[in-house]
Amino acid sequence: MIVETQSVQFNSITLDSGAVIAPVDVAFETYGVLNAGKSNAVLIVHAFTGDAHAAGVGKEDGKPGWWDNMIGPGKAFDTNRYFVLCINVLGGCRGTTGPSSINPETGAPYAMSFPMITIGDMVRLQKMVVDHLGISRLLAVAGGSMGGMQVLEWAVRYPDCVAAAFPIATTARHSAQQIAFNEVGRQAIMADPDWNNGNYYGFKPPARGLSVARMVGHITYMSDDSMKEKFGRRFRNKGAAAFTFDDEFEVESYLRYRGNQFVDRFDANSYLYITKAMDVFDLAQGYPSLAQALEQAHSRFLVISFTSDWLYPSDQSLEIVSALRSRNRDVAYCELSSNYGHDAFLVEVGEQTDLIRGFLARVYKEAA
Amino acid sequence: MATDSAPLPARRLIKEVLGRGDYAIIGEIVEPRSKVLDLGCGEGELLEWLMDHKQVTGAGVEISRERVQLAIARGVSVYQGDIDQGLADYPDQAFDYVILSQTLQQTLKPLKVLREMLRVGRRVIVAFPNFGHWRVRWAHLVSGRAPRTGLFPYEWYDSPNVHFLTIQDFEAFCVEQNWVVERHYFLSGNHRVKSMPNLRAEVAVYLVRAKHP
């Protein structure tokens, strides 16, 4: 399945803060065919550093999408049955307007003059794309991690537009620990002299800071067990320490590699803006309680968490489930067994596929 | 209330599909388009059947992760958790029926569970194996050991059953708790037992509600 990223431009979007971005470009991809009744659309919302390329093989770079193992013919999100849509988030750097985009008023990149964005703003922009495609009700909105936050926001903000909501390995609000890890990442970027208060476009990007931020991120995405299994205390070349500060341990080498690789595909300012949006996100904001926020939703919920995920632990999923149950909302919940930590939502394909394929088929049948 | 409200083909089907007499009875009791919570719902077969044939809104609680996964894969909204603490989140009278099929004898605190069920549901459907059945009595009398029968097949040390009750016990219990028995059904295999249920019925199914003030 060869796919091409599409784009659409809207005149403007007004943010939660009241600021306006005009115009706003959005990158998205679609897979499968929208039926005549436009009733088979599934929106996939991506995680922090993801993009619109969720499935298939990219026409230009030949790379598979970030959730290609879950989206496609016969897969969990079966493109023979459903029209699947994925949109790059507002503030991103993969085709949708973000801090690296040109501000038409100045002719220069926004950089730190880009307004603060929220998860709600991301979702509102997605809604504009969904409206643009003439879809009035999504069969499902699904996503993991930051994607899960957007799923929750969709269900609360647009209750009539979401038949089923699949928040995976996520939370209704960040804990102090989650904010802390993001802050370390941001400080790593801002401590890099190349960051230059965000004005590095056309110059050397803050590659060292951004790659350290990514290294920290990767540690939080894995579990102690999966790191033991993957690296242990193994050395990269010889069997013993040479007592240098080179990347002697395999784990050091891996983290450096992932850090360096990340610099080529991600913008440091987008990192700042998006992590801040995650930290500020609180689904209960504007409501007396989380339960009262979720009471707005009328979707069928399927909440999934993973045993070894310590970044978004099952407790946080259970908080969502408990709030939904207290308001008599329709919710299925399962904690899947996995060693992969937070990465599990990208890696554990088999069991997630069984859950999602079956549940989605039922929702489709009920909606028909 | 007519016990013959479900059309015959539906009743035959539920027996064929589910193969359990108590499920067939439950299929008869539950009114169309009601809200149903099934405790210890296993793989969600009963809820799926009720969703398909009675257009109910179903929810389930099940402790086994494997079974929860199978139930969700059927599209049934099941929550992974145990019955003893699994009901606390629900508001009062959230469901029309709360079902406890063949697990009452396995709960640690049956009274607490039943009270919770009557709090979250307008009506409770309880099915349990009758410890007063003649075969159980006979096995105990003849062997002098903890009775093992088709209905109670376990050795005393590995039995999931922790409370053993008879039909008479349950009836007395309802009176004591001031609960109203709206309907009851007694089964031997898939056949109805009409007389001497405490001796002859293997399984009892009760439809119970709290007494209105």
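Side-chain atoms are counted along with the backbone in the values below, which use heavy atoms only and exclude waters and symmetry mates. Each chain gets a letter, A, B and so on, in the order the sequences are listed, and its residues count up from 1.
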I need the minimum non-hydrogen distance between A/Arg300 and B/Gly75, along with the two atoms involved.
NH2-O, 2.7 Å
Minimum heavy-atom distance A/Arg325-B/Asp89, with the two atoms named
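Between these two residues, the closest heavy atoms are NE-OD2, 3.5 Å.
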Residue pairs passing the salt bridge (charged side-chain N to carboxylate O under 4.0 Å, His left out) test where at least one lies in residues 124-133 of chain B, sequence neighbours excluded
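Found none.
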Which bit of A/Leu360 comes within less than 4.5 Å of chain B, counting heavy atoms only: side chain, backbone, both or neither?
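Neither part.
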Can you say whether A/Ser305 sits under 4.5 Å from chain B via the side chain, the backbone, both, or neither, judging by heavy atoms?
neither
If I take atom SG from residue A/Cys334 and atom CD from residue B/Glu66, how far apart are they, to the nearest 0.5 angstrom?
10.5 Å
Within the supplied structure, the quantity of interest is the number of heavy atoms (other residues, nucleotides, ligands) at a distance under 6.0 Å from B/Gln168 CD; does it exceed 12?
no
Around B/Gln55, counting heavy atoms of other residues, nucleotides and ligands shown, do more than 12 lie under 6.0 Å from its CD?
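Counting other residues, nucleotides and ligands, CD of B/Gln55 exceeds 12 neighbours.
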Residues of residues 167-176 of chain A contacting chain B, heavy-atom criterion under 4.5 Å, by residue number:
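Within residues 167-176 of chain A, near chain B: nothing under 4.5 Å.
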Heavy-atom contacts under 4.5 Å, residues 340-357 of chain A to chain B
A/Glu351, A/Asp354, A/Leu355
Going by heavy atoms in the side chains, are B/Asp52 and A/Arg362 under 4.5 Å from each other?
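Yes; the side chains approach each other to less than 4.5 Å.
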A/Lys38: what forms a salt bridge (Lys or Arg N to Asp or Glu O under 4.0 Å) with it, not counting sequence neighbours?
none
Closer than 3.5 angstrom, by distance alone: can the side chain of B/Gln80 be matched with the main-chain N or O of A/Glu335 as a donor-acceptor pair?
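Checked: pair present.
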For B/Tyr79 and A/Val303: C-alpha separation, side-chain torsions, deciding distance, then whether side-chain contact (heavy atoms from CB on, under 4.5 Å) applies.
CA-CA 9 Å; B/Tyr79 165 82; A/Val303 179; over 6 Å; no
Does the distance from a Lys or Arg side-chain N to an Asp or Glu carboxylate O, for B/Lys35 and A/Asp330, drop under 4.0 Å?
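Result for this pair is no, no salt bridge flagged.
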At a heavy-atom separation under 4.5 Å, does [X] approach chain A through its side chain, its backbone, both, or neither?
| X | answer |
| --- | --- |
| B/Ala94 | both |
| B/Leu87 | backbone |
| B/Val120 | neither |

Could you walk me through whether B/Ile72 and A/Tyr333 pass side-chain contact (heavy atoms from CB on, under 4.5 Å), step by step?
CA-CA 8 Å; B/Ile72 293 175; A/Tyr333 168 65; over 6 Å; no
